[in-house]
Amino acid sequence: MALVELTRPREDVALLTVNRPDKLNALNTPLLGEFADHLVTVEDDPGVRTVIITGAGDKAFVAGADIGEYAEGDSQAFTAFQLRGRAFNDRLERFPKATIAAVNGFALGGGFEIALCCDIIVATPSARFGLPEGLLGLSPGGGGSQRLLRAAGPFVAADVLLSARRLSGERAHALGLVADVVEPEQLLNSALEKAGYIARVAPLAAREMKRLLREGADAALPTALSLEQEVLFRLYSTADAGEGIRAFLAKRPATFEGR
């Protein structure tokens with residue numbers, strides 16, 4: 001049985017489903033390996049514009065790391081597991097195509113970290129986001145503290161980390177972490193609807209705007225503004241920009257080729 005299932009609900013969409021529902025989709029080393037392999041596959045597929053990540057079952061997106069994997073190991077094994085998780089999250093954050101986390105149930109620890117690496121999060125009211133590592137005498141290790149800090153600010157991050165608080169789907173939406181809150185039966189449809197809008201945007205423009213959001217967030221404003229214009233000037237010379245402008249003037253849909 002695949003630990004991460006890759007399906008294609010639509011030609012332009014790859015759906016990655018974390019598939020350990022009996023373990024609340026907890027992360028372990030083999031699962032991370034399958035996950036990383038699938039990212040390579042969909043990145044190399046020119047037909048894929050959006051990757052949707054979700055969890056199997058109705059209880060969890062990803063409920064964190066499988067603590068049993070390292071509970072009886074030594075510090076070297078623990079360190080290796082954490083470094084592998086961080087490398088995967090960094091890879092997901094830098095992924096050049098649009099990513100959507102469709103969250104139902106628990107997104108705790110490493111699960112919340114994966115969601116924070118995605119471009120867009122949609123969630124159900126029953127979704128629960130949290131970084132409860134402090135209850136184990138630990139702290140996040142896959143980027144959770146720093147990405148949450150940047151996404152929601154220091155006071156929200158302190159509340160979540162220091163009190164091990166779990167955020168509901170509605171609360172995460174109110175804080176700007178979640179784009180939409182929908183009922184469970186509409187979760188995948190909501191993500192697919194967003195993917196449909198993404199497919200209308202020129203691929204090169206989408207890739208560059210992803211980079212602007214990631215790199216600009218940590219840059220001084222003048223540096224970020226210069227980066228924005230550099231991207232715009234480079235995109236203007238692409239075939240996609242020419243097609244987009246011609247299509248707008250002709251009042252017809254654009255046909256982009258990613259060049």
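- In this structure, Glu11 places its CD atom where only 12 or fewer heavy-atom neighbours from other residues, nucleotides or ligands lie under 6.0 Å away.
- The CG atom of Asn189 sits 13.0 Å away from atom CD of Glu183, with the distance rounded to the nearest 0.5 Å.
- Put simply, the side chain of His38 gets close to the backbone of Val4: a donor and an acceptor are under 3.5 Å apart.
- Closest non-hydrogen pair, Ala191 versus Ala102, comes out as CB-CB, 4.4 Å.
- Ion pairing between Lys210 and Asp119 holds under the 4.0 Å rule for side-chain N and carboxylate O.
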Apply side chain to side chain contact (heavy atoms under 4.5 Å, CB included) to the pair Arg20 and Leu31, showing each step before the final yes or no. CA-CA 9 Å; Arg20 295 186 76 202; Leu31 189 154; 3.6 Å; yes
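- The aromatic ring centroids of Phe88 and Phe35 lie less than 6.0 Å from each other.
- A pairwise comparison of heavy atoms in Ser145 and Pro140 identifies N-CB, 4.0 Å as the closest pair.
- Hydrophobic clustering, with ILVMFWY side chains joined whenever heavy atoms are under 4.5 angstrom apart, groups Leu16 together with Phe112.
- If you check the side chains of Asp180 and Ser190, you find no donor sitting under 3.5 Å from an acceptor.
- Hydrophobic clustering (side-chain heavy atoms under 4.5 Å, transitive across Ile, Leu, Val, Met, Phe, Trp, Tyr) groups Leu116 together with Phe61.
- Thr238 places no side-chain N or O within donor-acceptor distance of the main-chain N or O of Arg234, the cut-off being under 3.5 Å.
- The cluster map of Ile, Leu, Val, Met, Phe, Trp and Tyr, joined by side-chain heavy atoms under 4.5 Å apart, puts Val201 and Leu204 in different clusters.
- With a 4.5 Å cut-off on side-chain heavy atoms, Asp159 and Val156 do not count as touching.
- Put simply, the side chain of Asn89 never gets that close to the backbone of Ile114: no donor and acceptor are under 3.5 Å apart.
- For the pair Lys194/Thr50, no side-chain contact is recorded, criterion being any heavy-atom separation below 4.5 Å from C-beta on.
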Output, in order, the C-alpha distance, side-chain angles, deciding distance and verdict of salt bridge (charged side-chain N to carboxylate O under 4.0 Å, His left out) for Arg150 and Asp218. CA-CA 9 Å; Arg150 287 158 173 75; Asp218 295 329; 3.2 Å; yes
Side chain to side chain contact (heavy atoms under 4.5 Å, CB included) between Arg84 and Thr29: does it pass, once the steps are laid out? CA-CA 8 Å; Arg84 186 176 293 109; Thr29 297; 3.3 Å; yes
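- Considering every non-hydrogen atom in both Glu34 and Leu3, the closest pair reads OE1-N, 2.9 Å.
- You'll find the side chain of Gln229 stays beyond 4.5 Å of the side chain of Ser226, heavy atoms only.
- Cys118 pairs in a side chain to side chain contact (heavy atoms under 4.5 Å, CB included) with only one of the listed residues (Val51, Ile53, Ile100, Val103), which is Ile53.
- Glu208 places no side-chain N or O within 3.5 Å of a backbone atom of Val231 that could act as its donor or acceptor partner.
- The shortest heavy-atom contact between Asn19 and Ala56 is OD1-CB, 3.5 Å.
- To the nearest 0.5 Å, atoms CD (Glu243) and CZ (Phe256) are separated by 6.5 Å.
- Around the CZ atom of Arg214, the shell of radius 6.0 Å holds more than 12 heavy atoms that belong to other residues, nucleotides or ligands.
- A 4.5 Å side-chain heavy-atom check between Val178 and Val122 finds every atom pair outside the cut-off.
- Between Asp240 and Glu257, some side-chain heavy-atom pair lies under the 4.5 Å cut-off.
- Taking 4.5 Å as the limit, every side-chain heavy atom of Ile198 sits out of range of all side-chain heavy atoms of Asp12.
- With Thr223 contributing its side chain and Ala219 its backbone, the two residues share no donor-acceptor pair below 3.5 Å.
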Under the side chain to side chain contact (heavy atoms under 4.5 Å, CB included) rule, what do Phe129 and Leu177 come out as? Steps first, then yes or no, please. CA-CA 10 Å; Phe129 299 90; Leu177 294 169; over 6 Å; no
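- A salt bridge links Arg147 with Glu93: the closest approach of a Lys/Arg side-chain nitrogen to an acidic carboxylate oxygen falls below 4.0 angstrom.
- In terms of heavy-atom proximity, Ser168 sits nearest to Pro125 at CB-O, 4.3 Å.
- No side-chain heavy atom of Thr54 sits under 4.5 Å from any side-chain heavy atom of Asn104.
- Remark: Phe95 CZ to Arg207 CZ distance equals 9.0 Å, nearest 0.5 Å.
- Under a 3.5 Å cut-off, the side chain of Glu5 and the backbone N or O of Thr17 do not form any donor-acceptor pair.
- Within a 6.0 Å sphere centred on CZ of Arg252, other residues, nucleotides and ligands contribute more than 12 heavy atoms.
- In the hydrophobic cluster analysis, where Ile, Leu, Val, Met, Phe, Trp and Tyr join through side-chain heavy atoms closer than 4.5 angstrom, Leu149 is grouped apart from Val160.
- Residues Val48 and Val13 have side chains not in contact (no heavy-atom distance under 4.5 Å, counting atoms from C-beta outward).
- In terms of hydrophobic clustering, with Ile, Leu, Val, Met, Phe, Trp and Tyr side chains grouped at heavy-atom distances under 4.5 Å, Phe81 and Leu136 are assigned to a common cluster.
- Under a cut-off of 6.0 angstrom, the local environment of CZ in Arg86 is sparse, with at most 12 non-hydrogen atoms contributed by other residues, nucleotides or ligands.
- Residue Ser126 holds its OG atom at 8.0 Å from CG of Asp58, rounded to the nearest 0.5 Å.
- Put simply, CG on Asp90 and CG on Leu92 are 9.5 Å apart, with the number rounded to the nearest 0.5 Å.
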Decide side chain to side chain contact (heavy atoms under 4.5 Å, CB included) for Leu148 and Leu131; before the verdict, give the C-alpha distance in whole Å, the side-chain angles of both, and the deciding distance to 0.1 Å. CA-CA 10 Å; Leu148 181 60; Leu131 296 169; 4.0 Å; yes
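- One distance of note links CG of Leu225 with CD of Glu230; it measures 13.0 Å at 0.5 Å rounding.
- A salt bridge does not link Asp66 to Lys23: none of the charged nitrogens lies less than 4.0 Å from a carboxylate oxygen.
- At a threshold of 4.0 Å, the pair Glu43-Lys97 does not count as salt-bridged, since none of the basic side-chain nitrogens sits closer than that to a carboxylate oxygen.
- Nearest heavy-atom pair, Arg128 versus Gly169, reported as atom, atom and distance to 0.1 Å: NH1-N, 4.1 Å.
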